[in-house]
2 protein chains.
Amino acid sequence: MGRKVAVEDAELMDRLGRVFRDVGYEGASLTLLAEASGLKKASLYHRFPGGKEQMAREVLETAGAWLDKHILSPLKGGGAPKDRIDDMVRQLDAFYSGGKQACLLNMLSSARIHDGPFTDLIRQTFDAWIEALTAVLTDAGVNRTIARKRAERGVMMLQGSLVFSRGVGTTRPFRSFLKSLPGDLLGTA
Amino acid sequence: MGRKVAVEDAELMDRLGRVFRDVGYEGASLTLLAEASGLKKASLYHRFPGGKEQMAREVLETAGAWLDKHILSPLKGGGAPKDRIDDMVRQLDAFYSGGKQACLLNMLSSARIHDGPFTDLIRQTFDAWIEALTAVLTDAGVNRTIARKRAERGVMMLQGSLVFSRGVGTTRPFRSFLKSLPGDLLGTA
DNA sequence: GTCTATAGGAAGATAGAC
DNA sequence: GTCTATCTTCCTATAGAC
């Protein structure tokens, strides 16, 4: 087992992820990442030989895995569609810290990497999210075409509410969005 | 009158703005800004003694003025509410190049400036936008509380559709959003 | 007003001791 | 695995000629 580890992998990813979410890829300096992680630069390079780019990629992959486990899988799993959606809303609230944390998919999609290695990962994550939401809505009896439209709108509203919340300096828009999301998706608004 | 000017102010702001929209504040290096503007670094400093921060601020102010002139004023002006909204949609399509250009309000809101000088400007721009949209909807006979909710949703969807479009690498979400915006706002969807 | 040249510092990344 | 010290490159910004 790995001994002499100052920070566990999960905790490390979480701390690095916070930096990337706060200031984006270009804004996340090694100094900032080192401070946030509690490790020195050289130690970060020991864990991520590929440097900042690898850190961002692994953070993105970790977030994708989290999304899959805590959001997408529960959406596909059993139970009433309404309950599954309510569960997603609770998880989203926690994941984005009630609207205080921006979304990695937004903050990393402008990374000026030579033909971005993140591009594919970001697109796949969006696609998977849309697909899972579409599935739960068809389970609820919604026509597939309509379901997909509502799923896309939901994901866009999530992104927009986070951008808007950050822009106006309050989490109200995000919280308000989360509240209306189940109704918007199921068409019971 | 100003002679010997290599690039006119309006054109200069446009070119600098494109860089900030593409790669954000931290990603916009002076080298990149110089290449895009057609001026050398030193020339940029002659026009913007405050450096990159001043460039971003003036670009943001210029965009705010454009928004006010081409979007907000027409919204307030005469004519049927539906026509005013349709007009806004056309202007938005042009301003964001059909979804290919990101929004400054999103790309600059994470600028790691000492307690951001952009923060206030961004919030004010969002507020003015919401207010103008709310006004045109009340003109259309919509209850003010409902109008404000729809205005906020519209602005959030705009931001979200741009983020999503960039993420999935196609402008379809943005164009689709623009198409449905008038109906969503007026409640005739 | 624009340029070439360069200063000064912060950035990403590495070497080698412990 | 983590650290201090260092290297190189890029960045922001300035000096001074034209």
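Within every chain, numbering begins at 1; the chains are lettered A, B, ... in the order of the sequence lines, protein sequences first and strands thereafter.
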Could you list the donor-acceptor pairs under 3.5 angstrom formed between side-chain atoms of residues 28-40 of chain A and any protein atom two or more places apart in sequence or on another chain?
from	atom 1	to	atom 2	distance (Å)
A:S29	OG	A:L32	N	3.1
A:S37	OG	A:L33	O	2.9
A:S37	OG	A:A34	O	3.1
A:S37	OG	A:L39	N	3.2

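- Annotation: B:F177 is not in aromatic contact with B:F164 [ring centroid separation under 6.0 Å not met].
- In this structure, A:F48 atom CZ and C:dT14 atom C1' are separated by 17 Å, rounded to whole Å.
- Within residues 13-21 of chain A, no residue has any heavy atom under 4.0 Å from DNA chain C.
- The existence of a salt bridge linking A:R15 and A:E11 is confirmed by a sub-4.0 Å separation between a basic side-chain nitrogen and an acidic carboxylate oxygen.
- Tracing side-chain contacts under 4.5 Å through hydrophobic residues (I, L, V, M, F, W, Y), one reaches A:L104 starting from B:Y25; they form part of the same cluster.
- A salt bridge (Lys or Arg N to Asp or Glu O under 4.0 Å) check over residues 167-189 of chain B, counting only residues at least two apart or in different chains, returns the pairs A:E152-B:R172, A:R153-B:D184.
- C:dA10 atom C1' lies 15 Å from atom CG of A:L33, rounded to whole Å.
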Donor-acceptor contacts under 3.5 Å from residues 129-141 of chain A side chains, at least two apart:
from	atom 1	to	atom 2	distance (Å)
A:E131	OE1	A:R144	NH2	3.2
A:E131	OE1	A:R148	NH1	3.2
A:E131	OE2	A:R144	NH2	3.2
A:T134	OG1	A:I130	O	2.7
A:T138	OG1	A:T134	O	3.4
A:T138	OG1	A:A135	O	2.7
A:D139	OD2	A:R84	NH1	3.3
A:D139	OD2	A:R84	NH2	3.3

Exercise. Where along nucleotides 2-15 of chain D does protein come under 4.0 Å, by heavy atom, of base (B) or sugar-phosphate alone (S), with - for untouched nucleotides?
Worked result: BBB------SBBBB
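- Counting only distance, with no hydrogens or angles, the side chain of B:S109 and the backbone of A:R166 share no donor-acceptor pair below 3.5 Å.
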In residues 85-99 of chain A, what donor-acceptor pairs under 3.5 Å come from side-chain atoms, sequence neighbours left out?
from	atom 1	to	atom 2	distance (Å)
A:D86	OD1	A:K82	NZ	3.1
A:D86	OD2	A:K82	NZ	3.1

